2 protein chains.
Amino acid sequence: MTQEDQFEKLLAFFKALADENRLKIIGLLASRSYTVEDLADALGLGASTTSHHLAKLAKAGLVSARTDGHYYIYSLQTDVLKDMSRQMLQEDELPKLSAPVSEDVFEQKVLATFLDSEGRIKAFPMQEKKYLVILRHVVKSFEMGKRYTEKQVSETLAAFNEDFALLRRDLVDYKFMAREGGGREYWRLE
Amino acid sequence: MTQEDQFEKLLAFFKALADENRLKIIGLLASRSYTVEDLADALGLGASTTSHHLAKLAKAGLVSARTDGHYYIYSLQTDVLKDMSRQMLQEDELPKLSAPVSEDVFEQKVLATFLDSEGRIKAFPMQEKKYLVILRHVVKSFEMGKRYTEKQVSETLAAFNEDFALLRRDLVDYKFMAREGGGREYWRLE
DNA sequence: GAATCAATTCGATAAACATCAATATGTATT
DNA sequence: AATACATATTGATGTTTATCGAATTGATTC
């Protein structure tokens with residue numbers, strides 16, 4: 001299982017138990033098996049709602065049902081419960097939870113937030129760190145080693161946002177591009 | 001600690017961890033301590049949102065903060081994590097989760113659902129079991145041993161719902177009240 | 001004490017979720 | 001086959017919750 005799967009599994013596990021009535025269901029099933037209706041009566045919920053909760057618990061692998069006559073008998077599946085709690089006790093397992101947090105994910109999130117479907121900049125991020133993500137993305141439109149006139153640079157940047165002058169200035173200020181001849185020639189730095 | 005406190009604590013624990021970003025925070029803090037801003041950057045969230053998440057985790061006792069200069073340094077509190085996972089491993093602890101499930105709780109829930117803030121019946125439950133809770137509640141407006149005219153009964157019931165005739169009939173049908181003289185006198189039965 | 005910086009709180013918005021009632025599905029019993 | 005019954009699914013509604021940006025608080029430094 002990949003680490004991201006593991007993360008998703010753990011998240012689903014906690015979400016499954018993060019509800020008052022589902023937690024009570026686990027408590028009830030810990031003593032004995034129940035039909036859906038019996039659980040619904042014990043909890044004071046409708047049968048449909050109870051069924052919905054059981055479906056969530058089953059999806060997380062916490063309960064299972066066997067059919068018996070008219071009824072579905074639900075019982076507790078202690079394996080997942082034990083696996084998860086064991087994982088929480090091992091401290092060296094916890095850092096793996098942050099594996100999904102990578103620069104790639106962060107950058108994709110920023111780009112998804114501030115670019116529209118055509119790749120234009122909807123808004124400029126307030127946070128500098130996010131703005132740098134935008135600039136790093138924008139500068140990829142220029143080839144390394146190639147020289148550009150100011151007009152060429154402006155036209156390329158205008159495809160991202162009408163305020164191409166701001167982009168042009170910040171690309172230089174943040175050292176993504178350099179210029180010489182008072183702005184006659186531009187080139188990409190990183 | 002009472003069992004209900006224990007239940008609330010466990011529920012708060014699961015709710016605290018039932019969020020993608022809060023789970024990632026736990027993962028990050030498992031490696032080292034972070035400031036709020038660093039966490040916000042790593043997660044691609046605003047500082048206020050991150051602060052909100054940390055507050056939830058802190059309330060569940062999962063993280064703690066110490067102040068250092070301008071910064072608040074958040075770190076993981078492994079005790080609660082260990083306590084909770086240990087509890088899940090002990091099967092005899094689980095049935096206690098269902099302790100909050102009592103008739104009282106059920107009745108209160110039904111009443112909260114179907115009565116408005118002034119105690120009037122918003123809607124009539126479809127489920128008979130819940131309707132009985134309503135009737136049992138309504139009949140408390142009448143004193144045991146006292147006789148009432150139909151007009152008195154109707155006026156008292158009208159305070160609960162405009163369909164006082166339905167309530168009057170069902171109170172009799174379900175044996176909460178009795179009448180004689182073809183409806184000239186009513187009295188409470190249970 | 002004024003200015004600065006991080007963190008929290010507040011107010012608003014949008015998405016997720018629990019719940020219900022009604023309908024559909026599917027299994028047993030006649 | 002037909003009916004009856006328990007469960008699942010659907011559609012609708014109200015509540016909760018995650019998120020943001022702005023304003024405020026709190027603490028530090030000059």
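A quick note: this is a predicted structure, and the numbers were derived from the prediction, not measured. Below, chain A is the first sequence line, B the second, and so on; all start at residue 1.
- Distances shown here put a side-chain N or O of A:H53 below 4.0 Å from the OP1 or OP2 atom of C:dT19.
- Under the 4.5 Å side-chain criterion, counting only non-hydrogen atoms from C-beta, B:N161 is in contact with B:F124.
- Side chains of A:R168 and A:S154: a donor on one and an acceptor on the other come within 3.5 Å.
- In terms of heavy atoms, A:G61 sits closest to A:V80 at O-CG2, 3.3 Å.
- Shown for residues 55-66 of chain A: residues whose heavy atoms fall under 4.0 angstrom of DNA chain C, namely A:K56.
- Atom CG of B:L189 and atom OH of B:Y174 lie 15.5 Å apart (nearest 0.5 Å).
- The number of heavy-atom neighbours closer than 6.0 Å to CD of A:Q152, taken from other residues, nucleotides and ligands shown, is above 12.
- Nearest heavy atom pair, residue A:L11 against residue B:L17, reads CD1-O, 4.1 Å.
- Annotation: side chain to side chain contact (heavy atoms under 4.5 Å, CB included) contacts of B:D19 (sequence neighbours excluded): B:N21, B:R22, B:H53.
- If you take NZ of B:K24 and P of D:dA18, they are 14 Å apart, rounded to a whole angstrom.
- A search for salt bridge (charged side-chain N to carboxylate O under 4.0 Å, His left out) contacts involving A:K82 returns B:E91, not counting sequence neighbours.
- In this view, A:R179 satisfies the salt bridge (charged side-chain N to carboxylate O under 4.0 Å, His left out) rule with no residue, not counting sequence neighbours.
- Residues that satisfy the side chain to side chain contact (heavy atoms under 4.5 Å, CB included) test with A:A47, not counting sequence neighbours, are absent from this structure.
- Distance from the side chain of B:H52 is smallest for D:dA18 among the nucleotides D:dA6, C:dA18, D:dA18.
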- [ ] Would you please test B:E20 and B:K24 for salt bridge (charged side-chain N to carboxylate O under 4.0 Å, His left out) and show each step?
- [x] CA-CA 6 Å; B:E20 183 182 341; B:K24 286 178 184 171; 3.1 Å; yes
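- Residues forming a side chain to side chain contact (heavy atoms under 4.5 Å, CB included) with B:S48 (at least two apart in sequence, or on another chain): none.
- Phosphate contact (OP1/OP2 of D:dA8, side-chain N/O of A:Y74, threshold under 4.0 Å): present.
- One can place CG of B:D38 at 16 Å from P of C:dC5, the figure rounded to the nearest angstrom.
- Contacts of A:Y71 classified as ring-ring contact (aromatic ring centres under 6.0 Å, His included), with partners at least two apart in sequence or in another chain: none.
- Among residues two or more places apart in sequence or in another chain, the side chain to side chain contact (heavy atoms under 4.5 Å, CB included) test is passed with A:A159 by none.
- The stretch residues 10-18 of chain A does not touch DNA chain D, since none of its heavy atoms comes less than 4.0 Å from the strand.
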Pull out every protein N or O sitting under 3.5 Å from an N or O of nucleotides 20-22 of chain C, one pair per line with the distance.
{"unit_1": "C:dC20", "atom_1": "OP1", "unit_2": "B:K130", "atom_2": "NZ", "d": "3.1"}
{"unit_1": "C:dC20", "atom_1": "OP2", "unit_2": "A:G46", "atom_2": "N", "d": "3.0"}
{"unit_1": "C:dC20", "atom_1": "OP2", "unit_2": "A:T49", "atom_2": "OG1", "d": "2.9"}
{"unit_1": "C:dA21", "atom_1": "N6", "unit_2": "A:S48", "atom_2": "OG", "d": "3.0"}

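- Remark on the helix from C:dG1-D:dC30 to C:dT30-D:dA1: inter-end axis angle 30°, axes from five-pair C1' superpositions, rounded to 10°.
- Taking atom CG of B:D19 as the reference point, atom P of C:dA15 lies 16 Å away to the nearest angstrom.
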- [ ] Give the B/S/- string for nucleotides 25-30 of chain C, one per nucleotide from 5' to 3', where a protein heavy atom under 4.0 Å of the base yields B, of only the sugar-phosphate yields S, and otherwise -.
- [x] --SS--
